[in-house]
Number of protein chains: 2
Amino acid sequence: MASTAAGDGSRPGVEGRRPHDPRVVGDAPARLRADAAHNRRALLDAASATFAEEGMDASIARIAARAGIGKGTVFRHFATKQHLVVAIFCDRLDRLADLGAELSTAPDPAAALSEFMTVGVEQQASDRSFCQAATGDTRNDPAVRAASVRLAEVAETLTARARDAGSIRADVTGQDVVLLLGAACQAAAPVAATAPELWRRYLALIFDGLRPQAAHPLPHPAPTRTQLADEAAAAGSAG
Amino acid sequence: MASTAAGDGSRPGVEGRRPHDPRVVGDAPARLRADAAHNRRALLDAASATFAEEGMDASIARIAARAGIGKGTVFRHFATKQHLVVAIFCDRLDRLADLGAELSTAPDPAAALSEFMTVGVEQQASDRSFCQAATGDTRNDPAVRAASVRLAEVAETLTARARDAGSIRADVTGQDVVLLLGAACQAAAPVAATAPELWRRYLALIFDGLRPQAAHPLPHPAPTRTQLADEAAAAGSAG
DNA sequence: AGAGAAGCGGACCGCGCGGTCAGGTTATGA
DNA sequence: TCATAACCTGACCGCGCGGTCCGCTTCTCT
């Protein structure tokens, strides 16, 4: 799984300490040797699966073993465990955004939004690391923030269409929709082992809350589109 | 904070390996010396606050320092870090259940349910460890399971009253309500630093989904009252 | 084919964690 | 007051983690 091109594992500030460090994209070739490309993909697949099963606490050693490569090779491709996490998390976000972009021209706006949310929750429900990453330091990474913003924009488009069609209450934003994905997932999480599809129930319940018929005034304004960036700034200045 | 009598930190199977280990309640005195009782309370308060701020990854050393006691003292009261976590988590659950029990005789059932959920989410929103504990191994502990069952029963009472009053759709159970507390909390978590009260918005949205006006058929049956126990069994057999 | 860059692997390091223990300290009850 | 059980402390242990390093292998290009 997760065999598409995921992330690059490079940060601008990181300078190679050995001749031609592949983590530096720079203006250099940035061309991967065939075996290196193969290992990289195996690593990303193994990391994706392992993080999904064990959460972000999964050790690099286990991931490397699963990918059939040495531990050192992992750090050749990603300077830090965090960089690896970021690459995979961004990939997840991007894929969901891609789906949303496709759905944004679908004939039935309400069905499109529902489909978008269903896939989004399903993705999270089968991935223990997703919620952890959404709440932890990972969120502050610039690449993650960029992907989050894009996802929010796509969600906003979908939401606006459904709203204009009268399928969704007027006071709900795309940001709300994105954040509610994690909500449905979290509700079902405590009993995920015995009822792996329970998230469908809570997604449906939440979706009912989005309908105009249910609308009661909301006691708090929606988060702004760039709230995640503000969040990072707050986290940086604080603790 | 959290100064009420919280947990006992003892497991039946644990046998003391030193003369009169206080972690064993047994049929023995189980009477704490004055200074020991004081330290224990300081420990529980410090652990509660630290876990809330830093999550369950907070180290025992930090907690001990905050409580002004030695690390060894922590393990004198709680055989394991997990036991300490369980004690605190059970305390949280019990307190919420207590509130629910009080509210179960309030005149307005819908307002009572709303109040119950508001306090429940508020409690979690200010406690980083709560969601982690609700999803991790902690949930399998027998004491936690007992507290969870009690909480579910109280929630069921509140829900039934609101349902009978026609304030809540018929296909929603107390278990649903409990699980949805975590949902509202999780939705707001990613932007908790910049919008600490945002959970109110999502709780209101979810509550709107509980109203009869919004009711659409739910695609998955509600979890049973003892689902958490089954969950533990499944986790035990699997792994 | 051969030179040399690119890539690989796994022993190794320092760290901080949960948990232990021997020996000093203090509350308690007679 | 005093004997003793209960209690506290902090140095200590083993472990597994993220991350480093360098000798060796493998691909690539001419």
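Because the structure is predicted, anything quoted here is derived from the model rather than measured.
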* Asked: Got a sec, which pairs hit salt bridge (Lys or Arg N to Asp or Glu O under 4.0 Å) with one end in residues 66-75 of chain A, sequence neighbours left out?
  ->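 Only A:Glu53-A:Arg66 qualify under salt bridge (Lys or Arg N to Asp or Glu O under 4.0 Å).
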
Mind calculating the distance between [atom1] ([X]) and [atom2] ([N]) to the nearest angstrom?
{"X": "B:Ile63", "N": "C:dG16", "atom1": "CD1", "atom2": "P", "value": "17 Å"}
{"X": "A:Arg62", "N": "D:dC17", "atom1": "CZ", "atom2": "P", "value": "8 Å"}
{"X": "A:Lys71", "N": "C:dC8", "atom1": "NZ", "atom2": "C1'", "value": "15 Å"}
{"X": "A:Asn39", "N": "D:dT25", "atom1": "CG", "atom2": "P", "value": "17 Å"}
{"X": "A:Phe75", "N": "C:dC12", "atom1": "CZ", "atom2": "C1'", "value": "14 Å"}
{"X": "A:Arg76", "N": "D:dT26", "atom1": "CZ", "atom2": "C1'", "value": "12 Å"}
{"X": "A:Ile69", "N": "C:dC8", "atom1": "CD1", "atom2": "P", "value": "8 Å"}
{"X": "A:Asp57", "N": "D:dC15", "atom1": "CG", "atom2": "P", "value": "21 Å"}

* To do: Could you tell me whether the side chain of A:Lys81 has a donor or acceptor atom within less than 3.5 Å of a complementary atom in the base of D:dG19?
  =>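 Between D:dG19 and A:Lys81, which were checked side chain against base, a qualifying N/O pair under 3.5 Å is absent.
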
Check nucleotides 27-30 of chain C against the protein and report each pair of N or O atoms closer than 3.5 Å, with its distance, or say if there are none.
| unit_1 | atom_1 | unit_2 | atom_2 | d |
| --- | --- | --- | --- | --- |
| C:dT28 | OP1 | B:Ala34 | N | 3.1 |

* Asked: Taking 4.0 angstrom as the limit, do B:Asp98 and B:Arg150 come out as a salt bridge?
  ->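 Salt bridge flag = yes for B:Arg150 with B:Asp98.
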
* Is A:Asp91 salt-bridged to A:Arg95, cutoff N-O under 4.0 Å? ->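 Salt bridge present between A:Asp91 and A:Arg95.
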
* Comparing A:Ala61 and A:Thr73 on DNA chain D - which has the more 5′ nearest nucleotide ->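 Going by which nucleotide is closer to the 5' end, it is A:Ala61.
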
* Asked: Atom CD1 of B:Ile60 and atom OG1 of B:Thr80: how far apart are they, to the nearest 0.5 Å?
  ->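 Reported value, rounded in 0.5 Å steps: 9.0 Å.
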
* Using only heavy-atom distances, determine whether the side chains of A:Arg40 and A:His77 contain a donor-acceptor pair under 3.5 Å. =>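 There is such a pair between these side chains.
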
* Asked: Does any non-hydrogen side-chain atom of B:Gln175 lie less than 4.5 Å from one of B:Thr159?
  ->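 Not in contact.
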
* Asked: With sugar-phosphate meaning primed atoms plus P, OP1 and OP2, does B:Ser59 contact a base, only sugar-phosphate, or nothing at under 4.0 Å between heavy atoms?
  ->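 Contact class for B:Ser59: sugar-phosphate only.
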
* B:Pro190 to A:Leu179 - nearest heavy-atom pair and separation ->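 Taking every non-hydrogen atom into account, CG-CD2, 3.8 Å.
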
* Asked: Do the side-chain N or O atoms of B:Thr80 get closer than 4.0 angstrom to the phosphate oxygens (OP1, OP2) of C:dG18?
  ->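 It does not, given that no N or O in the side chain of B:Thr80 lies less than 4.0 Å from OP1 or OP2 of C:dG18.
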
* **Residue-phosphate contact under 4.0 Å: B:His77 side-chain N/O, D:dC8 OP1/OP2** =>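 Yes, because at least one side-chain N or O of B:His77 sits under 4.0 Å from OP1 or OP2 of D:dC8.
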
